[in-house]
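To start, the structure itself, in structure tokens.
Lettering of chains follows the sequences in order, A, B, ..., and the numbering in each one begins at 1. As the structure is a prediction and not an experimental result, all values here were calculated from the model.
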Number of protein chains: 2
Amino acid sequence: MNKKRLQSEDTKKRVADAARGLFVKKGYKATSIEDIVSATGSSKGNIYYHFKSKEGLFLYLIDEWEQEWEQQWKEKESLYTTTTDKMYGVAEQMVLEDLNHPLTKSADEFFDNSEKPSDVEERITEMVKSHLTFYQALIQQGMDSGEFKHNDVEGLSIIFESLTMGLSQMSRKLNQKDALVLYRLAVNVFLNGITKNAT
Amino acid sequence: MNKKRLQSEDTKKRVADAARGLFVKKGYKATSIEDIVSATGSSKGNIYYHFKSKEGLFLYLIDEWEQEWEQQWKEKESLYTTTTDKMYGVAEQMVLEDLNHPLTKSADEFFDNSEKPSDVEERITEMVKSHLTFYQALIQQGMDSGEFKHNDVEGLSIIFESLTMGLSQMSRKLNQKDALVLYRLAVNVFLNGITKNAT
DNA sequence: ATATATACTGAACATTCATTCAGTATCGTA
DNA sequence: TACGATACTGAATGAATGTTCAGTATATAT
């Protein structure tokens with residue numbers, strides 16, 4: 001039970017990769033199972049053999065993506081000394097990872113489909129919460145270290161999350177280079193608003 | 001030909017209002033013609049008699065909304081003296097109007113449906129462009145008057161648009177009061193990042 | 001070599017939804 | 001009053017799409 005299992009995992013990965021690509025490009029709803037079938041050569045039934053449903057496939061990709069993000073961040077975090085640098089680092093990773101890694105589009109799309117209180121919506125809400133917690137800790141850290149002015153930490157974290165959400169939508173048409181410039185400028189504006197020493 | 005025409009216009013308005021309410025609440029895709037039928041008591045056919053299509057109905061609402069926004073802004077603009085005040089004013093109107101007035105949700109949703117290069121997508125792109133032009137002029141004005149530091153005007157306008165796009169998504173669950181606080185804080189952060197005199 | 005679990009196929013099914021259209025009702029007007 | 005236009009009805013259509021399932025192939029274990 002080896003060659004078979006390996007092959008099976010391979011097809012599962014192939015399906016996941018194709019689906020990811022399509023979701024980035026077209027969004028969740030606009031991507032049909034049929035599209036994935038065409039892209040993989042695999043059959044409909046086989047996709048349902050490997051994944052519970054379309055939604056299940058999507059959730060699988062989200063999890064995968066989140067894990068990778070976390071891992072990459074851990075690798076980078078130690079390289080930054082100041083909180084300021086960390087915030088630039090986050091923005092950079094966002095452009096590098098999130099724009100490549102696709103669910104941005106589908107995720108935003110999902111946000112607006114309150115139709116079904118599906119697992120996915122819960123999942124996304126959960127994701128936003130964890131973002132907020134993350135930013136909150138980061139900003140608090142900056143305040144404690146004296147880099148940032150004291151202010152409403154929770155509010156600022158929401159604002160930063162909002163800013164990045166908006167940026168991810170706006171920069172969809174941009175190439176990576178331009179997006180990077182835009183994100184940097186955004187963090188710049190955000191920091192000079194909360195940093196003690198004016199630039 | 002009067003009573004009839006008035007009645008007709010009335011039903012058209014009733015349909016539009018109901019559709020607006022549903023689009024805000026559920027988003028564009030999640031709102032079916034059937035939903036609008038249920039909400040109005042009008043028949044499917046009648047909706048198609050008054051509006052070309054679901055998309056046409058949506059576009060109608062967008063136009064209506066944009067006109068109202070512009071009008072309300074004109075009434076307020078003269079009340080603000082500094083550009084700073086104007087920006088707060090814009091934010092305030094956004095919360096007061098945009099959150100009430102609904103298409104926010106559906107509009108964002110549309111952004112992610114690149115499936116069809118439909119009129120609507122073009123329309124929304126156009127809207128974003130006009131926003132950017134507006135913010136650009138406002139920010140330029142602030143720079144000229146000496147209120148703002150000199151900086152990349154286009155970039156800053158994109159950032160402000162992004163920020164507000166993100167805020168509109170994040171504040172969906174908030175009540176008007178809390179949203180207002182959040183938006184004010186956001187503009188505060190944005191301005192203290194580009195205003196010469198630190199707070 | 002045979003049996004069995006695993007991997008896979010694709011036609012059929014079920015549902016949702018926008019849109020159409022042939023027909024009916026209502027109102028203004030000649 | 002009768003005719004014509006305008007306003008409205010709702011069943012039927014058609015297309016898209018997620019999901020199921022009975023059946024087939026393949027590889028591993030006995």
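- Scored by the salt bridge (charged side-chain N to carboxylate O under 4.0 Å, His left out) test, A:Glu9 finds no partners at all (sequence neighbours excluded).
- Contacts of B:Thr40 with the nucleic acid, taken as non-hydrogen atoms under 4.0 Å apart, are absent.
- At a cut-off of 3.5 angstrom, counting only N and O atoms as typed in the model, there is a donor on one side and an acceptor on the other between the side-chain of A:Lys44 and the base of D:dT19.
- A:His50 places its NE2 atom 19 Å from the P atom of D:dG18, with the value rounded to the nearest Å.
- Following rounding to the nearest Å, B:Phe58 (CZ) and C:dC17 (P) show an atom-to-atom distance of 17 Å.
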List, with names and distances, any nitrogen or oxygen atoms from the protein found under 3.5 Å away from nitrogen or oxygen atoms belonging to nucleotides 22-26 of chain D.
{"unit_1": "D:dT26", "atom_1": "O2", "unit_2": "A:Lys4", "atom_2": "NZ", "d": "3.1"}

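- In terms of phosphate contacts, A:Ser8 brings a side-chain nitrogen or oxygen within less than 4.0 Å of OP1 or OP2 of C:dA7.
- For the ring-ring contact (aromatic ring centres under 6.0 Å, His included) test, residues two or more places apart in sequence or in another chain that qualify with B:Tyr60 are B:Phe51.
- In this entry the distance linking CD of B:Glu34 with P of C:dT16 reads 11 Å, nearest Å.
- Distances shown here put a side-chain N or O of A:Ser42 below 4.0 Å from the OP1 or OP2 atom of C:dT9.
- Note on A:Thr11: a side-chain N or O is less than 4.0 Å away from OP1 or OP2 of C:dC8.
- Look at B:Asn46 and you won't find any side-chain N or O under 4.0 angstrom from OP1 or OP2 of D:dA7.
- C:dG10 atom P lies 17 Å from atom OH of A:Tyr49, rounded to whole Å.
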